[in-house]
Amino acid sequence: MSEERSLNFIEEIVEEDIHAGKNGGAVLTRFPPEPNGYLHIGHAKSICLNFGLANKYNGKTNLRFDDTNPTKEDTEYVDSIKEDVKWLGFDWAEELYASDYFDQLYAFAVELIKKGLAYVDDSTAEEIAAQKGTPTEPGTPNQYRSRTVEENLQLFADMKAGKYPDGAKVLRAKLDLASPNMHLRDPLMYRIKHAHHHRTGDTWCIYPMYDFAHGQSDAIEHITHSVCTLEFVPHRPLYDWFIERLNLFPSKQYEFARLNMTYTVMSKRKLMQLVDEKHVEGWDDPRMSTISGLRRRGYTAASIREFCERIGVAKRENMIDVGLLEFCIREDLNKTAWRRMAVLDPIKLIITNYPQEKTEIMHGENNPEVEGGDGGRDIPFSRELWIEREDFMEEPPKKFFRLGVGLMVRLKNAYIVKCEDFKKDANGNVTEIYCTYIPESKSGEDTSGIHVKGTIHWVSVPHAKTAEVRLYDRLFQVEDPSNEDGDFKDYLNPNSLHIIPSAYIEPDLANAIPGKGYQFIRKGYFTLDKHSTADKLVFNRTVTLKDGWVKK
RNA sequence: UGCCUGAUAGUAUAAUGGUAGUACGACGGUUUUUGGUACCGUUUGUCUAGGUUCGAAUCCUGGUCGGGCAACCA
């Protein structure tokens, strides 16, 4: 099976490197999240890219937590990240932490001080910002820049020893205050934070900055291709500078465009706000773009991997239509989800010529897409049925292939019925529909010769069970909430969650398996929510079915 | 007004000097015991102006537009 798909630009680079014999042909990538929040679909793109590269080119991928800022990080996030990566179907070679390298990084810093390439600065954050200049004006050196190596060594040791309060001093690289690249204007390497770290505890009160930790961590691990998103492009010269000055393994950084998706937000900061301010139930709320939210919603790992494959990898800004994600999950679930019947907005249908006490057991296959139907289940049928309110119209338009007086439909897996009459209450609402059935039209043994255009789903009234069903709509009302005027939360969709407290479901659904996808025929794909119990079933709608019927 | 990036159908993504293709979407049709699926078809594109070349989406020059960069965040 030869894959015709063309290479993305990173794969091209990797192949060139392999052919050139670089690093002995080794490919070692890493996925480096900061454990300060839950992973989202954007991270999935990075995960699929990094692990995909390793899988494709016989390499390995490390999972490395970029835990250099103790005030924002927590083991809760470490645990969720590991769970999500595993669930997506990837195995990392090693589980590593930037904090594993704190001693080594400290030694690197000392080495740079000794080479005259780093100095301790006593300025405040504001002073440093002011002295950095602006993109059009060079920065200006301060008095601390010319401290002696000995003095810097002593002060840095004192910083480490806890002699100074937070913010009193920082260690900076002595680079180029006039550089057109702001990141090169004597970037900070270490800051003082008397904070408890989730792994190193209170061992340290100075912590390395991203720029002084990431590249060296890559180099220590001998990462060959360090893939990150576009906003790090201006950091690359710094990444290289530290590695060169310290004479480390020459890891190389490559950047791709991060994923943006319509009708959602894609930053941990914003997602955290939604959680903290209770706009959603939590990080795994099924409306969230988090991996855990998508999982709870009913998305499969395979569908997310397929999505990441389809969106491609390039360097231009992009905005992916959430419809593509929906296509991917439909494509997957269509092949695997068991078909069941559930009536979400019920109205009673009475078959007037069907015996009062009679019950028949109908048969329905689990999945018509699978050879043999993938097994099946029994469905009790009786005189009184629940059907969907929208499947009946008092005054049906021309191409309405459902019920209306005089119209015929097939009841899925059962008989063809003809609508004879209906009843309304005092408010004019339809309350009951009366039909007659064609006894010769039974599913599988139809000798009636009648062909109808429409088939509708149903649940037998006396046999019906109930479940809470949660229907989700997009979380935001606009395509790009982050790019609108004002706060992104102003654009939340107030109707993103619709709960049906008691929908009627066919009896077999009481045996629904957690984590499995079900297609409620004509209504969409559903899965059991994590809060579902035997006493109270709760289903989440993963996605609707594609609806080709447009009302006029 | 500095530096870095990027620009191909509505949205993404290929074509690496030689036929602008694919997917999703939209639209139409066939099949169908899901208005689903499957299958078939239609639709729409190289930011702009020059240049190099037998030939340019691709190379060169100028412009236009988008994104990023001045956290003791990553």
Side-chain angles (χ1 to χ4, degrees), chain A residues 4-9 12 32-34 36 66-69 71-73 98 121 123-125 128-130 132-139 166-172 179-185 188-193 206-207 209-211 213-214 228-237 255 257 262 268-269 310-328 330-331 334-335 339 341 364 368-369 399-402 409-414 416 441 443-444 446 451-457 479 519-524 544-550:
Chain A
E4 291 293 322
R5 195 178 65 87
S6 55
L7 304 179
N8 65 50
F9 78 98
E12 284 179 2
E34 182 187 15
N36 66 343
D66 228 334
D67 55 350
T68 57
N69 186 358
T71 55
K72 290 189 176 172
E73 297 153 6
D121 192 326
S123 307
T124 64
I128 288 177
K132 267 196 181 173
T134 68
T136 50
E137 306 160 55
D166 289 5
K169 287 177 166 50
V170 292
L171 182 71
R172 289 227 255 170
S179 172
N181 181 344
M182 297 299 289
H183 294 277
L184 263 29
R185 321 251 265 225
L188 270 60
M189 293 163 59
Y190 269 91
R191 76 287 216 193
I192 300 170
K193 270 181 194 263
I206 57 171
Y207 292 92
M209 299 290 290
Y210 167 85
D211 284 311
H214 201 95
C228 62
T229 46
L230 247 25
E231 65 267 30
F232 291 100
V233 169
H235 295 248
R236 194 192 324 131
E255 311 87 6
T262 54
K268 282 193 259 189
R269 199 191 103 250
R310 282 173 179 265
I311 58 178
V313 177
K315 298 186 81 146
R316 62 185 94 98
E317 296 294 320
N318 58 77
M319 176 63 75
I320 306 285
D321 189 340
V322 69
L324 183 61
L325 217 209
E326 295 177 342
F327 167 82
C328 291
R330 287 191 186 108
E331 182 187 46
N334 178 49
K335 298 269 194 298
R339 272 55 171 175
M341 293 195 284
E369 299 296 315
K399 293 214 170 149
F400 187 73
F401 305 137
R402 311 183 197 176
V409 296
R410 172 171 295 279
L411 297 168
K412 178 76 180 172
N413 296 129
I416 291 174
S441 67
S443 185
D446 187 344
H451 294 284
V452 294
K453 273 285 203 178
T455 300
I456 66 172
H457 60 282
E479 285 201 352
Q519 185 196 101
F520 290 2
I521 289 172
R522 302 208 300 143
K523 293 275 90 177
T544 60
L545 255 29
K546 194 176 154 192
D547 189 0
W549 191 63
V550 279

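The shown structure was predicted, so the numbers you read here are calculated from the model rather than taken from an experiment. Naming: A, B, ... by sequence-line order, numbering from 1 per chain.
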Is there a side-chain polar atom (N or O) of [X] under 4.0 Å from OP1 or OP2 of [N]?
| X | N | result |
| --- | --- | --- |
| A:Arg191 | B:A74 | yes |
| A:Arg330 | B:U37 | no |
| A:Arg339 | B:G36 | no |
| A:Lys193 | B:C73 | yes |
| A:Thr68 | B:A74 | yes |
| A:Arg410 | B:U34 | no |

Can you tell me how far [atom1] in [N] sits from the matching atom in [M], rounded to whole Å?
| N | M | atom1 | result |
| --- | --- | --- | --- |
| B:U64 | B:A26 | P | 38 Å |
| B:G41 | B:U22 | P | 10 Å |
| B:U53 | B:G21 | P | 28 Å |
| B:A14 | B:U58 | C1' | 13 Å |
| B:U46 | B:U8 | C1' | 4 Å |

Measure from the side-chain heavy atoms of [X] and tell me the nearest of [options].
| X | options | value |
| --- | --- | --- |
| A:Ile311 | B:G35, B:A12, B:A71 | B:A12 |
| A:Arg402 | B:G35, B:U13, B:C69 | B:G35 |
| A:Ile128 | B:C72, B:A14, B:A12 | B:C72 |
| A:Met209 | B:C73, B:A70, B:U13 | B:C73 |
| A:His235 | B:A74, B:U33, B:G35 | B:A74 |
| A:Val233 | B:A70, B:C4, B:C73 | B:C4 |
| A:Thr136 | B:G36, B:U1, B:A12 | B:U1 |
| A:Asn318 | B:U13, B:U34, B:A74 | B:U13 |

Are side-chain heavy atoms of [X] and [Y] found at a separation under 4.5 Å?
| X | Y | answer |
| --- | --- | --- |
| A:Pro237 | A:His183 | no |
| A:Asn413 | A:His457 | no |
| A:Asp446 | A:His451 | no |

Measure distances between side-chain N and O atoms of [X] and base N and O atoms of [N], and say whether any donor-acceptor pair falls under 3.5 Å.
| X | N | answer |
| --- | --- | --- |
| A:Glu326 | B:G25 | no |
| A:Glu255 | B:U5 | no |
| A:His183 | B:A71 | no |

Check the pair A:Thr68, A:Asp66 against side-chain hydrogen bond (donor to acceptor under 3.5 Å, both in side chains), reporting the backbone distance first and the verdict last. CA-CA 6 Å; A:Thr68 57; A:Asp66 228 334; 4.7 Å; no
Supply the atom-to-atom distance A:Leu411 CG to A:Met341 CE, rounded to the nearest 0.5 angstrom. 8.5 Å
Separation between CG of A:Asn334 and CZ of A:Arg339, rounded to the nearest 0.5 Å: 5.0 Å
May I ask you to say what A:Ile521 touches in the nucleic acid, namely base, sugar-phosphate or nothing, with a heavy-atom cut-off under 4.0 Å? base
Under 3.5 Å donor-acceptor, A:Arg191 side chain and A:Gly167 backbone: no
Just by distance, do the side chain of A:Thr455 and the backbone of A:Lys412 share a donor-acceptor pair under 3.5 Å? no
Do A:Asp121 and A:Ser123 have side-chain atoms, one donor and one acceptor, less than 3.5 Å apart? yes
Look at A:Glu255 together with A:Arg236 and state whether they make a salt bridge at an N to O cut-off of under 4.0 Å. yes
According to the Watson-Crick and G-U wobble definition with distances under 3.5 Å, which dot-bracket string, read 5' to 3', encodes RNA chain B, using [ ] for crossing pairs and | for pairs with another strand? .((((((..((((....[..)))).(((((.......)))))....(((((..]....))))))))))).....
Start with the C-alpha distance between A:Leu188 and A:Leu171, add both sets of side-chain angles, then the distance that settles side-chain contact (heavy atoms from CB on, under 4.5 Å), and finish with yes or no. CA-CA 6 Å; A:Leu188 270 60; A:Leu171 182 71; over 6 Å; no
Polar-atom pairs under 3.5 Å, protein N or O versus N or O of nucleotides 58-60 of chain B: list them with distances, or write none.
none

